[in-house]
A.B. asks: 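First the structure, then my questions, so here it is.
Positions are given from 1 along the sequence.
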Amino acid sequence: MKKAPPDPRAQAKRAALNALKRARREAARTGVELSEWEGEFLGSVEDRVKTYGRAFGDPEKGAPGQALSALQHRKLKEISAKAKGEKKPMVRRGFARKQREAED
């Protein structure tokens with residue numbers, strides 16, 4: 001008797017929960033202080049994923065089989081990078097002229 005294929009929604013839910021836990025653990029392990037907003041974000045997203053299976057209500061904000069919307073996924077990646085100490089400072093550059101090559 002063959003096994004039924006794994007449910008993609010359940011896999012997405014598990015993956016999202018594991019990523020949230022990993023980010024929180026990494027921040028605690030490295031001693032990086034997450035801001036109040038970041039901690040609240042991780043907690044609320046985790047609660048919504050546990051309750052509803054995904055953390056967004058509008059189907060246009062994410063793929064049908066995903067547990068996090070695109071913006072939530074990006075914020076989670078930023079928090080994980082900050083926890084690992086990989087966060088790069090934001091560099092803003094104004095408009096500048098291109099350097100001309102010296103003509104011979």
A.B. asks: Which value, rounded to the nearest 0.5 Å, describes the distance between L68 atom CG and K75 atom NZ?
C.D. replies: 14.0 Å
A.B. asks: Would you say that E46 contacts L17 through its side chain, given a criterion of any heavy-atom pair below 4.5 Å between the two side chains?
C.D. replies: yes
A.B. asks: Tell me if a side-chain donor or acceptor on Q72 pairs with a main-chain N or O of S69 at a distance below 3.5 Å.
C.D. replies: yes
A.B. asks: Grouping I, L, V, M, F, W and Y whenever their side-chain heavy atoms are under 4.5 Å apart, do L42 and V49 come out in a common cluster?
C.D. replies: yes
A.B. asks: Spell out, as yes or no, whether a donor-acceptor pair under 3.5 Å connects the side chain of T51 to the backbone of R48.
C.D. replies: no
A.B. asks: Does the side chain of R54 reach to within under 4.5 Å of the side chain of R9, using non-hydrogen atoms?
C.D. replies: no
A.B. asks: How many angstroms lie between CG in L34 and CD in E26, if you round to the nearest 0.5 Å?
C.D. replies: 11.0 Å
A.B. asks: To the nearest 0.5 angstrom, please state how far the CD atom of Q11 sits from the CD atom of Q66.
C.D. replies: 10.5 Å
A.B. asks: Minimum heavy-atom separation for A67 and A16, please, with both atom names.
C.D. replies: CB-CB, 3.7 Å
A.B. asks: So that I can tick it off, tell me whether K82 and E38 are bridged by a salt bridge, with the cut-off set at under 4.0 angstrom between side-chain N and carboxylate O.
C.D. replies: yes
A.B. asks: Rounded to the nearest 0.5 Å, what separates atom CD1 in I79 from atom CH2 in W37?
C.D. replies: 5.5 Å
A.B. asks: Report yes if the side chains of R74 and E78 come closer than 4.5 Å at any heavy-atom pair, otherwise no.
C.D. replies: yes
A.B. asks: I'd like to check F41 versus E36 (side-chain heavy atoms, cut-off strictly below 4.5 Å). Are they in contact?
C.D. replies: no
A.B. asks: Would a hydrophobic clustering, with Ile, Leu, Val, Met, Phe, Trp and Tyr connected at side-chain separations under 4.5 Å, put L76 with V32?
C.D. replies: no
